[in-house]
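Written below as structure tokens is the structure these notes are about.
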Protein chains: 2
Amino acid sequence: MVRAGLTTERLVRAGAELADEVGFEQVTLSALARRFDVKVASLYSHLKNSGDLKTRIAQLALRELADRAADALAGRAGKDALTAFADVYRDYARAHPGRYAATRHPLTPEAAAASAGGRHAAMTRAILRGYDLAEPDQTHAVRLLGSVFHGYVSLELAGGFSHSAPDSQESWTRILDALDATLRNWPGD
Amino acid sequence: MVRAGLTTERLVRAGAELADEVGFEQVTLSALARRFDVKVASLYSHLKNSGDLKTRIAQLALRELADRAADALAGRAGKDALTAFADVYRDYARAHPGRYAATRHPLTPEAAAASAGGRHAAMTRAILRGYDLAEPDQTHAVRLLGSVFHGYVSLELAGGFSHSAPDSQESWTRILDALDATLRNWPGD
DNA sequence: CTCATTTGCCTAAATGCTTTAGGTATCTCC
DNA sequence: GGAGATACCTAAAGCATTTAGGCAAATGAG
């Protein structure tokens, strides 16, 4: 009986790949066990349960996304930083739809605290340093950016913008232009 | 043996209520059968399968949302129409989180064609008539509005803006102000 | 009113995912 | 080489989905 060499790490990584292939919601311990040619019960030595797997995939995806965003932000400011950051989100979602869906998986407060969520928030605020926004407008702007990025990416992923002119890339560019303009001229009270 | 009086209509309506209570993803034929005190197999006379139920709940929610939006838009234009429309989305999502989640359920092309999706698109374009946008900018703006509304509402529903100042309502208002300004001063090429 | 038909709901059973309990085989390292 | 830890297993129970086939209640025609 040759051991499969399971570890939590490998299982989560394979789970993330599975998510990209079949969708995050379809990630199941059974499918994961099949992939390692192992009985389902064996996974329970490495994962608490199926929810644990999903939580770990979510945390992995948040980490990967934050890493890429940090790279993209290095040495950039203003609109340059804004578009680089936005593109990281969109590109990641298109390259890894299952992982991106995982980043929207609800986390318990503890799981959220152990995630890269905080880094995302910090980076968004870093971008806004290139614009002249004092609190509470800065927080409103953080929420606007989060809404537009997440909203656009998830509508695009759902196929909302395909098969209709103009090209989604064109809209994305123009929306980022508009967002930049909005941040430069944030309306006062 | 008294009959329960099942109909597709009643089942879908109850399914929507169930979605609001336990979440759209947790809507199951078993749970629905329990609610009517009926065996699961009995539902198959009225629904093709569990996917059929979810599709029908999605269509119901899209219809309800379109009806409310149409009411809200009547007699309004410009920013007034924009905020009324936006508020309908947000209020519906907060009052009926399960139904709102259902509106994001992927539909087959046929199911989408039979849905109120077209009315939503038409209403969004109607709002933009209050602003001076020619194609293709109008389409970019439609996509921006969709992204912001959906993105904000889903982040808020996921708890993203709770337990932190400023109030979510405040951000919503200021984001709509910013959106109105963006549409009035849409950046040219 | 009665009988035939349709319709509504049932039982039964197969399949698949999740989870726990407890066992055997394989590695590690002294 | 043997002790102990670790990796993976079998077995079984619980719950959701789906299909097949059956009895009973409603419906309507004569």
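All figures in this text were calculated on a predicted structure; none of them were measured in a lab. Naming: A, B, ... by sequence-line order, numbering from 1 per chain.
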Notebook entry, point to check: Any ion pair linking E17(A) and R13(A) (charged N to carboxylate O, less than 4.0 Å)?
Noted result: no

Checklist line | Integer-rounded Å distance: dA7(D) P and F36(A) CZ | finding: 14 Å

Next item on the list: Compute the ring centroids of Y100(A) and H96(A), then answer whether they are less than 6.0 Å apart.
Entry: no

Item checked: Footprint string (nucleotides 13-18 of chain C, 5' to 3'): B base within contact, S backbone only, - free, heavy atoms under 4.0 Å -> ----SS

Margin query: What I want to find out is whether R174(A) reaches D177(A) closely enough, with some N-O distance under 4.0 Å, to be called a salt bridge.
Written below: yes

Notebook entry, point to check: Choosing from dT10(D), dC8(D), dC10(C), which nucleotide comes nearest the side chain of A41(A)?
Noted result: dT10(D)

Next item on the list: Take atom CG of D52(B) and atom P of dA16(D), then tell me their distance rounded to the nearest Å.
Entry: 19 Å

Next item on the list: Round to the nearest Å and state the distance from K39(B) atom NZ to dA12(C) atom C1'.
Entry: 12 Å

Next item on the list: Can you tell me the distance, in whole Å, between the CG atom of L32(B) and the C1' atom of dC15(D)?
Entry: 16 Å

Check: Less than 6.0 Å separating the ring centroids of Y152(B) and Y89(B)?
Finding: no

Notebook entry, point to check: Once you round it to whole Å, what is the distance between C1' of dT18(D) and CG of L53(B)?
Noted result: 14 Å

Next item on the list: To the nearest Å, give me how far apart CZ (R35(B)) and P (dA16(D)) are.
Entry: 14 Å

Margin query: Does the plane of the ring in F24(A) sit parallel, tilted or perpendicular to the ring in H105(A)? Use 30° and 60° as the thresholds.
Written below: perpendicular

Next item on the list: Could you tell me whether D132(A) atom CG has more than 12 heavy atoms of other residues or ligands within 6.0 Å of it?
Entry: no

Notebook entry, point to check: To the nearest angstrom, how far is L6(B) atom CG from dG8(C) atom C1'?
Noted result: 8 Å

Next item on the list: Check the distance between dA7(D)'s P and R10(A)'s CZ and give it to me in whole angstrom.
Entry: 12 Å

Margin query: Please tell me if H46(B) has a side-chain N or O lying less than 4.0 Å from either OP1 or OP2 of dT7(C).
Written below: no

